[in-house]
**Student:** 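The structure's right below; bear with me while I get my questions together.
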Amino acid sequence: MKQPASEAQQGGPDAAATPEPPTPHATTRTSAKSAEEKGGWRALGLRLDVRNLSLLGVLAALVIVGGITKPDQFLDTNNLQLVLTQASVIGVVTVGMTFVITSGGIDLSVGAIVALASVWATTLATQEYGFAGILFTAVIVGLACGLVNGLLIAYGGMVPFIATLAMLASARGLALQITDGKTQIVTVDSVLDLGVRDSYILGIPPLVLVFAAVTVIGWLILNRTTFGRRTVAVGGNAEAARLAGIDVRRQRLYLYLLSGLCCGIAAFLLIILAGSGQNTNGNLYELDAIAAAIIGGTLLSGGRGTIVGSVLGVLVFTTITNIFALNNLQSDVQQIAKGAIIVAAVLVQRRTVRNGES
């Protein structure tokens, strides 16, 4: 009795069944292929572990360099706490960016969204509602921008590069209009108190604890949930994911919402760190977040992402910036160094992908 065509097209449990039992030779070939695929995945996992170990080695080397060039300043507890605090803001953004890139997308608007959320949350009208008002506004603005990006890309059919570039320009313009080019000072003590040393828990700034929590949650979502598996599937092959029953458009919408949420949280952390809101906040965050994700091992074309690698990438870039600042090196040298690191990371990534396919 023939199987209905609809079931075969849907790829159900019986769709792969054949009327005749497989021959011993076919079984042997299938087993060999399965073993080969498992070996390939194990090799890929080993390469990812090597990449993370390499990033840890680079980070250790940077610590040594900082300790040699400016031992009294770099190894000071206050400076190390500052490095972690600065890494926390861009790190939260990078977690969201990792999900977007893993799905095969890109978000160029993260820095502008952080700026818009920070200035909107620090207006006099918002500050009247205190701590809750500032936090709520920052998160809602981030989610709203992520929603617009997601709708344009998932349901509007726009290319992520174009949609997020438009959001970048719009959010920056709106942030400038809100502030009129002026700095908005935060006067809510409960917000400012989180940035002082008395609020540290066991010597750890609250911003770092938030970053750690976001990192752990992001890792669990990407590696231990259906949402994470769907994200990887969409990035690997969107058409195959659709045929497998995944609502690709809805998944992409959720991913840009997640990115917007991370931007809103990062904006609140930046408000605590700076004690103000400015339209220039988040400048070049998109570059730092993308670069950190790439050197961490997230595949730019999608289909593979690593939260741990992205966090290590953030720490590497933040440490480099700190060392350059302590040694009075100009910002243009920092940007050149970051560009060189990005190029090297992409070249290594391409070679890794080729070796995985061969």
Side-chain angles (χ1 to χ4, degrees), residues 85-86 88-97 99-100 107-152 163-164 166-196 199 205-211 213-214 217-218 253-286 289:
T85 302
Q86 292 175 337
S88 299
V89 180
I90 184 62
V92 172
V93 175
T94 303
V95 170
M97 181 70 77
F99 277 89
V100 171
D107 192 348
L108 301 179
S109 63
V110 291
I113 295 176
V114 169
L116 179 60
S118 68
V119 300
W120 207 321
T122 53
T123 59
L124 292 176
T126 303
Q127 292 193 50
E128 290 180 358
Y129 294 93
F131 182 97
I134 294 176
L135 175 59
F136 178 78
T137 302
V139 170
I140 288 299
V141 170
L143 284 172
C145 293
L147 177 63
V148 173
N149 280 337
L151 290 175
L152 290 176
T164 57
M167 176 58 72
L168 183 155
S170 302
R172 283 289 179 192
L174 185 54
L176 179 60
Q177 187 178 45
I178 291 174
T179 61
D180 195 23
K182 300 176 183 178
T183 300
Q184 298 178 164
I185 305 299
V186 177
T187 58
V188 180
D189 292 336
S190 56
V191 174
L192 298 175
D193 289 344
L194 292 176
V196 300
S199 66
L207 277 69
V208 178
L209 295 177
V210 173
F211 175 37
V214 171
I217 294 172
L253 174 61
Y254 289 162
L255 288 167
Y256 282 96
L257 277 171
L258 177 61
S259 179
L261 173 62
C262 289
C263 289
I265 296 173
F268 182 71
L269 298 182
L270 190 58
I271 291 171
I272 296 173
L273 183 62
S276 63
Q278 304 178 57
N279 66 287
T280 56
N281 283 343
N283 188 34
L284 295 180
Y285 272 20
E286 55 276 358

**Student:** Who pairs with L147 by side chain to side chain contact (heavy atoms under 4.5 Å, CB included), at least two apart in sequence or on another chain?
**Tutor:**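 With neighbours one apart ignored, the set is L151, L253, L257.
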**Student:** Identify, with sequence neighbours excluded, every residue that meets ring-ring contact (aromatic ring centres under 6.0 Å, His included) alongside F131.
**Tutor:**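 Residues passing ring-ring contact (aromatic ring centres under 6.0 Å, His included) with F131: F268.
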**Student:** Please report, to 0.1 Å, the donor-acceptor pairs under 3.5 Å made by any side chain of residues 110-119, with sequence neighbours excluded.
**Tutor:**
residue: S118; atom: OG; partner: V114; partner atom: O; Å: 3.2
residue: S118; atom: OG; partner: A115; partner atom: O; Å: 2.8
residue: S118; atom: OG; partner: N281; partner atom: ND2; Å: 3.1

**Student:** Which residues satisfy the ring-ring contact (aromatic ring centres under 6.0 Å, His included) test with Y285, sequence neighbours excluded?
**Tutor:**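 For Y285 there are no ring-ring contact (aromatic ring centres under 6.0 Å, His included) partners, ignoring immediate neighbours.
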**Student:** For T94, give me all partners under side chain to side chain donor-acceptor pair (under 3.5 Å), at least two apart in sequence or on another chain.
**Tutor:**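 With sequence neighbours excluded, T94 shows a side chain to side chain donor-acceptor pair (under 3.5 Å) to no residue whatsoever.
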**Student:** If the condition is side chain to side chain donor-acceptor pair (under 3.5 Å), which residues does N279 pass it with, not counting sequence neighbours?
**Tutor:**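 None.
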**Student:** For V208, which residues count as a side chain to side chain contact (heavy atoms under 4.5 Å, CB included) partner, sequence neighbours excluded?
**Tutor:**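 Side chain to side chain contact (heavy atoms under 4.5 Å, CB included) check on V208 returns L84, T85, S88, I204, P205.
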**Student:** How would you list, by chain and number, every residue that makes a side chain to side chain contact (heavy atoms under 4.5 Å, CB included) with Q86, sequence neighbours excluded?
**Tutor:**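 By the side chain to side chain contact (heavy atoms under 4.5 Å, CB included) rule, Q86 matches L82, T318.
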**Student:** For the CD1 atom of I134 and the OG atom of S190, what is their distance to the nearest 0.5 Å?
**Tutor:**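 One gets 7.0 Å once the value is rounded to the nearest 0.5 Å.
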**Student:** Can you give me the closest heavy-atom contact between L270 and G282, atom names plus distance?
**Tutor:**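 Looking at all heavy atoms of both residues, the closest pair is CD2-N, 4.2 Å.
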**Student:** What distance separates L261 CG from I140 CD1, expressed to the nearest 0.5 Å?
**Tutor:**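 That separation rounds to 9.5 Å.
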**Student:** Show the nearest heavy-atom pair for residues S259 and D107, with the distance to one decimal.
**Tutor:**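 Heavy-atom minimum between the residues: OG-OD2, 3.0 Å.
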**Student:** Please list all pairs meeting side-chain hydrogen bond (donor to acceptor under 3.5 Å, both in side chains) that have one or both residues in residues 137-147, counting only residues at least two apart or in different chains.
**Tutor:**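 Listed by first then second residue: nothing to list.
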**Student:** I'd like to check the side chain to side chain donor-acceptor pair (under 3.5 Å) partners of T187; sequence neighbours left out, ordered by chain and number.
**Tutor:**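 Testing T187 for side chain to side chain donor-acceptor pair (under 3.5 Å), a comparison that skips the adjacent residues, returns Q127.
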**Student:** My understanding is that only residues two or more places apart in sequence, or in another chain, count here; which of them pass side chain to side chain donor-acceptor pair (under 3.5 Å) with T126?
**Tutor:**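 With neighbours one apart ignored, the set is T123.
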**Student:** Quick one: which residue pairs count as a side-chain hydrogen bond (donor to acceptor under 3.5 Å, both in side chains) with a foot in residues 174-184, not counting sequence neighbours?
**Tutor:**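 Every side-chain hydrogen bond (donor to acceptor under 3.5 Å, both in side chains) pair that includes a residue of residues 174-184, provided the two are not neighbours, is T122-Q184.
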**Student:** To the nearest 0.5 Å, tell me how far L207 CG sits from I265 CD1.
**Tutor:**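 Result: 11.5 Å between the selected atoms.
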**Student:** Report yes or no: do N149 and S109 form a side-chain donor-acceptor pair below 3.5 Å?
**Tutor:**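 On atom types as modelled, these side chains qualify, holding a pair under 3.5 Å.
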**Student:** Determine whether L174 and W120 make a side-chain contact, defined as any pair of heavy atoms from C-beta on separated by less than 4.5 Å.
**Tutor:**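 The answer is yes, as the side chains (C-beta and beyond) meet within the 4.5 Å cut-off.
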**Student:** What heavy-atom pair brings M97 and E286 nearest, and what distance separates the two atoms?
**Tutor:**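 Heavy atoms only, the tightest pair is CE-O, 4.4 Å.
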**Student:** Could you check if a side-chain atom of L273 sits within less than 4.5 angstrom of a side-chain atom of L269, using non-hydrogen atoms only?
**Tutor:**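 Counting from C-beta outward, L273 and L269 never come under 4.5 Å.
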**Student:** Could you report the tightest heavy-atom contact between G195 and S199, atom names first, then the distance?
**Tutor:**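 Looks like N-OG, 4.2 Å.
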**Student:** Check for a donor-acceptor pair, side chain of T164 on one end and backbone N or O of L108 on the other, with a separation under 3.5 Å.
**Tutor:**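 Checked: pair present.
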**Student:** Is there a side-chain contact between L258 and Y254 in this structure, where contact means two heavy atoms from C-beta onward sitting under 4.5 Å apart?
**Tutor:**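 They are not in contact (no side-chain heavy atoms under 4.5 Å apart), so the answer is no.
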